[in-house]
Amino acid sequence: MASSDSVTTCLSSTVHYVICKLGFEKKEIYDIDNIVSENGEVHWQAITEHVYYLESDQSVDYIKSIRSLGPVCESVNLHFKSLTKEKFIVRYALWFHWTNYTELFLEVFDVLHYTQSTEVALGLMKLTSCLERALGDVHLLIGKDCPFLLRDLLASEELAVVFGRVVMDVLRIFIGSPYGLNLRNVLWHGFASPQEIPAKYCAMLLFLTAGLGQLLQMYLLQSKYVLVHRPYVTFIRLEELDAFPGKYLTSNLNHETLSVAEELVQASNFVLRTMLPFWMAALTAFKQSRYADCVILLLPQLEVGLRLLFTTTNKCPNRLLTAESSVFYTTFDEMLTKHLNNEEVNQLPSVLEEPAMASEFLWDFLNHQEGPRIRDHLSHGEINLKAFPRQIANQLVAFAITLLCRFSDENMVTFKEHLVIKPLMNCARCYRSRFHPISRLKKQVLECMKSIRSWHELPTVSEEHIQTIKGLEGSTEASTLVLKMAEILSQLQQYLPCNCYSSDDPMSTVATERLLLQLCDSHVCTLYSPRAVLEVLVVLRKISTQCHQVSEQVIASIKSRYQQWTEKTLRSRQRHNYLRMLNSIKFLSPVLRLILVLITLELVNVHLVCKKNPSDYHQYVKFLKSILQYTENLVTYTSPEKNKWDETIQLTNKALIKIRKFSDGKLTLIQSVK
């Protein structure tokens with residue numbers, strides 16, 4: 001690995017010039033009274049007159065505009081520094097209300113007075129994410145769907161209608177365009193060190209936000225619209241995020257552990273020397289219970305550290321620098337792929353040695369759609385920073401410590417064996433994805449099985465009552481279906497773990513649950529899943545979802561009908577229908593459990609789908625969709641609105657004929673999992 005001391009900047013020469021020098025070339029001093037009135041009213045004309053356009057296509061001339069706006073930014077910065085907090089609040093606080101987070105902008109004002117470069121960068125990251133969220137709310141005053149990318153949002157016609165096109169061009173000079181300063185992306189992707197972000201640009205964005213608030217107020221008064229703020233994203237089931245034991249972290253991410261982490265930061269090759277202040281500030285923020293600040297500071301540093309590894313191992317050191325406007329950045333998304341753009345194999349996982357230690361964790365926390373997607377939500381302003389959960393900060397800090405340890409010098413072995421560090425390293429080595437579709441399907445299967453198991457605990461009328469219904473007495477249809485299912489399961493025995501198969505009662509709920517638990521405990525690779533695998537998983541998950549829906553409908557029906565039965569409020573037809581439902585349950589439970597076994601067997605062998613030729617693959621997916629259709633029909637027939645319990649017998653009989661083909665392995669992926 002290349003020495004982290006040898007890297008002095010992660011900005012390319014062009015980007016470094018644009019951010020650090022271009023806006024300082026003009027030395028004029030502008031009278032602040034021409035830019036803002038004494039009561040805080042922004043004179044937009046004094047700003048927009050510095051926006052220049054190319055003669056060729058009338059697009060923004062970013063270089064000329066940044067050069068011209070430089071002195072304006074400096075004047076605004078000096079203006080803010082001349083104000084007391086009280087005067088700033090009187091003049092400007094009202095104009096931040098539209099962002100739904102006035103306190104943040106008051107904090108940024110405080111930061112400008114301290115002029116600590118790390119805090120300025122942090123303030124700018126928080127400001128831009130909050131501003132993006134607020135602009136999205138404004139966009140929805142007129143538009144239906146808010147663009148996901150900031151550059152598309154700023155270029156939208158909706159915002160041009162509210163604020164004016166030239167005003168939006170001013171914003172694009174500072175954020176949202178790779179041709180401009182692009183401050184948001186440069187910071188959030190870890191390219192800029194603290195000393196490379198001029199404080200005057202942070203001051204200018206603070207000023208522009210107030211000016212936007214003034215323009216918005218005029219628009220709302222004219223249009224009679226009411227600005228509505230979208231709710232924040234909230235994290236549920238935080239226990240699923242515990243890659244590292246929650247109880248351990250709560251008691252052990254203490255002063256001693258963080259002191260060791262600070263020493264590791266100083267010694268680890270994972271940390272660029274120019275980025276040290278960010279690392280130390282992140283750990284300080286954690287100590288001060290500022291968990292959102294900690295994570296905001298930490299995420300870009302994890303990215304730049306992995307980028308250093310990526311560029312070194314793949315022998316492309318130039319990719320450590322920021323991309324020019326015509327080239328994509330090297331970000332998490334690319335670093336976590338299997339192949340590079342030139343189709344060569346990405347060497348980063350082999351350097352990490354334990355792919356789960358980084359790749360699966362990062363995919364879970366950052367990329368998978370059902371995961372927390374921490375960076376996306378934070379950088380787009382979708383999270384309430386005031387209520388950011390400590391549990392997430394715990395996990396990111398612990399994960400960062402493992403990477404710091406992993407890439408420390410050999411003479412740092414004492415750190416790796418330290419009492420508070422070693423358990424973290426062990427947890428990292430054992431990590432398995434929680435939010436990949438494979439992992440989610442396993443969870444779905446077990447939750448569905450738990451729901452089906454509860455059927456036996458529900459109160460029902462006696463078997464004698466069922467036999468009194470004409471047409472059901474002596475009926476062997478349900479029993480015949482159960483026998484067919486047992487036969488299919490018997491044929492599958494060769495593919496099942498031997499210690500989970502009960503020849504005495506293969507269809508028992510206990511035996512099925514034990515089998516599913518063991519199958520779901522099997523390791524299935526989640527990294528770099530091909531498209532064909534993901535397509536199959538979509539269908540398997542839909543099947544599982546439908547099975548669970550059937551189970552929940554059956555439970556609800558049994559509970560409500562039994563209560564009505566005991567209260568004697570059922571009419572004759574309803575009583576008969578209730579007893580037919582109880583008769584159908586005799587085979588519905590086994591068939592749902594059989595389907596769960598089948599889709600789980602397919603799951604543990606899902607990567608074999610890549611070996612199928614296009615024709616076989618098409619037939620295989622068609623077969624799975626036929627099973628899906630059966631479960632969808634079951635949902636319809638067992639719904640309270642339909643109650644077609646007799647029809648489920650014929651429906652299931654047809655499905656079992658198809659499943660018999662499933663069990664012989666000709667259409668499926670089933671292989672031995674012993």
Side-chain angles (χ1 to χ4, degrees), residues 190 235 237-271 275 278-306 309 332 336 352-368 371-375 377-378 388-408 412-435 439:
F235 298 107
R237 297 189 298 273
L238 285 169
E239 68 279 359
E240 289 191 48
L241 304 178
D242 284 347
F244 303 90
K247 292 182 179 179
Y248 171 82
L249 293 182
T250 301
S251 60
N252 287 274
L253 275 184
N254 51 23
H255 180 75
E256 180 186 5
T257 309
L258 295 174
S259 295
V260 173
E262 288 173 347
E263 291 186 58
L264 279 169
V265 167
Q266 299 286 347
S268 179
N269 291 323
F270 189 76
V271 178
M275 301 295 184
F278 280 136
W279 281 92
M280 301 305 288
L283 295 175
T284 298
F286 188 89
K287 291 178 185 177
Q288 296 173 347
S289 301
R290 292 161 39 225
Y291 301 119
D293 287 355
C294 170
V295 173
I296 290 171
L297 288 163
L298 202 53
L299 283 172
Q301 297 317 304
L302 291 175
E303 181 168 338
V304 73
L306 287 170
L309 294 175
F332 275 133
L336 297 178
L352 292 173
E353 291 185 359
E354 296 282 349
M357 183 178 177
S359 299
E360 291 198 30
F361 181 93
L362 290 170
W363 268 100
D364 266 3
F365 273 69
L366 303 182
N367 287 15
H368 287 315
R373 292 174 50 228
I374 303 297
R375 188 184 63 180
H377 292 316
L378 276 174
F388 192 84
R390 172 175 176 161
Q391 295 96 315
I392 292 177
N394 282 345
Q395 300 302 314
L396 266 295
V397 170
F399 174 69
I401 290 173
T402 65
L403 288 179
L404 293 171
C405 250
R406 168 70 183 83
F407 297 102
S408 296
M412 305 297 290
V413 67
T414 53
F415 280 114
K416 299 178 183 180
E417 297 298 320
H418 196 286
L419 187 63
V420 298
I421 301 298
K422 193 171 182 179
L424 298 181
M425 300 298 289
N426 291 336
C427 287
R429 294 187 187 98
C430 299
Y431 185 76
R432 289 186 181 181
S433 173
R434 283 93 185 276
F435 298 105
S439 309

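All residue numbers in this chain count up from 1 along the given sequence. Everything quoted here is computed from the prediction, not taken from an experiment.
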- [ ] Could you tell me which non-hydrogen atom of Ala243 sits nearest to which non-hydrogen atom of Tyr431, and how far apart they are?
- [x] CB-CE1, 3.2 Å
Task: Distance (rounded to the nearest 0.5 Å) between Ile392 CD1 and Leu241 CG - done: 5.5 Å
- [ ] Could you grab the distance from atom CD1 of Ile374 to atom CG of Leu362, nearest 0.5 Å is fine?
- [x] 11.5 Å
- [ ] Please tell me if the side chains of Thr257 and Val397 come closer than 4.5 Å, counting only heavy atoms from C-beta onward.
- [x] no
TODO: Report the relative orientation of the aromatic rings in Phe270 and Trp279; use parallel for angles under 30°, tilted for 30 to 60°, perpendicular for over 60°.
DONE: perpendicular
Open item on the list: Rounded at 0.5 Å granularity, tell me how far CZ in Phe435 sits from CH2 in Trp363.
Closed with: 14.5 Å
Open item on the list: Nearest 0.5 angstrom please: Leu258 CG to Thr284 OG1, how far?
Closed with: 9.0 Å
TODO: Look up atom CD1 in Ile296 and atom CZ in Phe278, then write down how far apart they are to the nearest 0.5 Å.
DONE: 12.0 Å
Task: Leu403 side, atom CG; Leu424 side, atom CG - distance, nearest 0.5 Å - done: 11.5 Å
- [ ] Measure the acute angle between the ring planes of Phe361 and Phe399, then classify it against the limits of 30° and 60° as parallel, tilted or perpendicular.
- [x] parallel
TODO: Output all residues satisfying salt bridge (Lys or Arg N to Asp or Glu O under 4.0 Å) with Glu240, sequence neighbours left out; order by chain, then residue number.
DONE: Arg237, Arg440, Lys443
Task: Worked verdict on Leu366 versus Leu299 for side-chain contact (heavy atoms from CB on, under 4.5 Å) - done: CA-CA 10 Å; Leu366 303 182; Leu299 283 172; 3.9 Å; yes
- [ ] Quick one: do Leu298 and Phe286 satisfy side-chain contact (heavy atoms from CB on, under 4.5 Å)? Show the steps, please.
- [x] CA-CA 10 Å; Leu298 202 53; Phe286 188 89; over 6 Å; no
Task: Shortest non-hydrogen contact between Gln395 and Asp242, atoms and distance - done: NE2-OD1, 3.4 Å
TODO: Can you see which heavy atom on Pro372 is nearest to which on Phe235, and at what distance?
DONE: O-CE2, 3.5 Å
Task: Nearest non-hydrogen partners of Asp364 and Ser433, listed with the distance - done: OD1-OG, 2.8 Å
Open item on the list: Taking salt bridge (Lys or Arg N to Asp or Glu O under 4.0 Å) as the definition, give me every residue that meets it alongside Asp293, ordered by chain and number, with sequence neighbours left out.
Closed with: Lys126, Arg290
Task: Heavy-atom pair of closest approach, residues Gln301 and Leu297 - done: CG-O, 3.4 Å
Task: Asn394 vs Phe244 side-chain heavy atoms within contact, under 4.5 Å - done: no
Task: Nearest non-hydrogen partners of Glu262 and Leu283, listed with the distance - done: CG-CD1, 3.6 Å
TODO: Could you tell me whether the side chain of Met280 reaches within less than 4.5 Å of the side chain of Gln266, counting heavy atoms only?
DONE: yes
Task: Donor-acceptor under 3.5 Å (Glu360 side chain, Arg432 main chain) - done: no
